[in-house]
Amino acid sequence: MSASTDAAQSTYTFNWDNVWHLAYAVIMIAILSIGFLGNALTVIILRRHEHASKSLTPLMLNLSIGSLIIIILGYPVIISLLLSGGQIRRENATCIWSAFVNGTVGISGIATLTEMSVVINYSLQRLNPNFRFSKRTLGFLIAGTWIYGIVSMLPPLFGWNRFAPGAAQISCGPDWTDRTASGMSYSLILVVLGFFLPLSVMCSAYYKIYRLLRSRELFIAACRHFQVRQKLYMTKLLVRMTVIAIAVFMLSWAPYCLVSIVAVFKGSHVFTNGEAEIPALMAKASVIYNPIVYIVTNGSFRSSFWKVISCERRNFVLHINRNVAVVKGSSRRFHSRRMAIFFKPLNEVNVYTGAYIVGLSHRL
């Protein structure tokens, strides 16, 4: 990019009279509002007892927490600078911070979705249907997503490529138009690590999942055991939810990835002015989709969502086994090796597991 272009960009400011800038401001405010509310509710819902024992819950929490981080610490930094009449410059710490946080969270998110597909595939291949990863393993998986994201975005801080404003001059990211050997190599490696490699792993994992489900479908077709059929049905619902979440995430980032690749080989931005921000806005909007996907495709999540919204009393599903004993008396107090709790019987039984459903009255 020429020196004159750099100089013109350094004096570029946000203009409310520009229809593209006005649309950008309105869309970003909507993304911030909907994204924060949706992901905050998702964290609250996934912390409820009915979701705590599921292997995917920590990874789903990681996605929502990452979205909250970018909503609180990433997007508002640039927006506040623009709305206050400030200018985005390559040397500006605001531009560098925004690009680093946005890139780190985005790559961490796609790494988390990749791990979700691998976890489902691994769980289906286990003979034990109740298999669940240990907390330590899940902790390593979550830490790995953040290390992967951070390492991917560190090189521009040390001179391998750089963070720069985009063509519309209202957001920052890697300099996709850098024609130097180091700049082009980093851009191509970032696209591979941040998009094509995870996409390949997910496609491979879901192909294996499809084959496993198909083979078990043929076997279970002749089986009349209700719980076996129910297990297969619930697994299909889980796979459908993750596939839709991944598809939406990929479709959000695909336009930005495509125009970035073209810019690397062309040496200049594909779009100019306001329309150049459309692919970036589609990528930024990815923070609002996951809660919507969970509500639409996951019946358990949807039920918990309405309970949280209506402030309904939380119910516990208590499995009566050797570890729990009922003490006779009017208090209806249950003792276990870890805790003692007062319960209010709801006279309901889970038809799938045979567990009694009780409502919590008081915790000791």
Side-chain angles (χ1 to χ4, degrees), residues 20-21 23-36 38-39 63-64 66-79 82 88 95-114 145 148-150 152-153 156 161 163-177 186-199 202 244-264 269-293:
W20 290 107
H21 292 185
Y24 171 83
V26 172
I27 293 173
M28 283 306 301
I29 291 172
I31 290 174
L32 290 174
S33 303
I34 299 173
F36 179 81
N39 285 286
L63 277 176
S64 293
S67 297
L68 288 173
I69 289 174
I70 201 173
I71 288 170
I72 296 172
L73 301 178
Y75 298 162
V77 174
I78 284 290
I79 294 174
L82 292 172
I88 300 180
C95 180
I96 295 174
W97 168 257
S98 175
F100 179 78
V101 172
N102 295 351
T104 297
V105 174
I107 294 177
S108 172
I110 198 171
T112 302
L113 290 169
T114 305
T145 64
Y148 189 73
I150 291 172
S152 298
M153 300 306 296
N161 202 298
F163 294 127
Q169 298 297 295
I170 49 181
S171 65
C172 290
D175 189 357
W176 302 107
T177 60
Y186 171 76
S187 297
L188 293 175
I189 290 173
L190 183 62
V191 170
V192 171
L193 294 180
F195 189 81
F196 289 109
L197 178 61
L199 182 61
M202 285 186 281
I244 294 176
I246 289 171
V248 170
F249 190 91
M250 288 299 184
L251 288 174
S252 298
W253 279 91
Y256 181 77
C257 181
L258 178 61
V259 298
S260 298
I261 294 174
V262 174
V264 170
H269 293 290
V270 179
F271 301 112
T272 58
N273 300 325
E275 64 270 15
E277 195 60 23
I278 294 176
L281 278 175
M282 293 179 64
K284 291 174 181 177
S286 62
V287 299
I288 70 175
Y289 298 139
N290 282 336
I292 298 174
V293 171

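Positions are given from 1, in the same order as the sequence printed here. Please read all numbers here as calculations on a predicted model, not as lab measurements.
Proximity of a side-chain donor or acceptor of W97 to a complementary backbone N or O of L73 within less than 3.5 Å is detected. With hydrogens and angles disregarded, no donor-acceptor distance shorter than 3.5 Å links the side chain of S108 to the backbone of T104. Remark: side-chain polar atoms of S33 are not paired, donor with acceptor, to backbone N or O of A30 under 3.5 angstrom.
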Determine whether I150 and F100 satisfy the following criterion, side chain to side chain contact (heavy atoms under 4.5 Å, CB included), listing intermediate values before the conclusion. CA-CA 8 Å; I150 291 172; F100 179 78; 4.2 Å; yes
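Interatomic distance, L32 CG to I27 CD1, rounded to the nearest 0.5 Å: 12.0 Å. With rounding to the nearest 0.5 Å, the separation of OG in S252 from CG in L281 is 11.5 Å. Here the CD1-CD1 distance, from I31 to I71, works out to 9.0 Å after rounding to the nearest 0.5 Å. Rounded to the nearest 0.5 Å, atoms NZ (K284) and CH2 (W253) are 9.0 Å apart. Remark: I107 CD1 to M153 CE distance equals 5.5 Å, nearest 0.5 Å. Summarising the geometry, atom CD1 belonging to I70 is positioned 7.0 Å from atom OG belonging to S286; distances are rounded to the nearest 0.5 Å.
The two residues P165 and C95 make their nearest non-hydrogen contact at N-SG, 4.0 Å. Across Y148 and S152, no two heavy atoms sit closer than the pair O-OG, 2.7 Å. Taking every heavy atom of both residues into account, G109 and L63 meet most closely at O-CD2, 3.5 Å. The two residues P174 and L190 come nearest to each other via the heavy atoms CG-CD2, 3.7 Å. Residue A283 comes nearest to Y256 through the heavy atom pair CB-CB, 4.3 Å, listed as atom of the first residue, atom of the second, then distance. Nearest heavy atom pair, residue G74 against residue S98, reads O-OG, 4.1 Å.
W176 places none of its side-chain heavy atoms less than 4.5 Å from the side chain of N161. Residues V191 and C257 meet the side-chain proximity criterion, which asks for heavy atoms closer than 4.5 Å. Contact check for S260 versus S187: no side-chain heavy atoms found under the 4.5 Å cut-off. No side-chain heavy atom of F163 sits less than 4.5 Å from a side-chain heavy atom of C172. The shortest distance between side-chain heavy atoms of Y75 and V101 does not fall below 4.5 Å.
Scanning for side-chain hydrogen bond (donor to acceptor under 3.5 Å, both in side chains) contacts around N290 gives an empty result, with sequence neighbours left out. Among residues two or more places apart in sequence or in another chain, the side-chain contact (heavy atoms from CB on, under 4.5 Å) test is passed with S67 by N39, V287.
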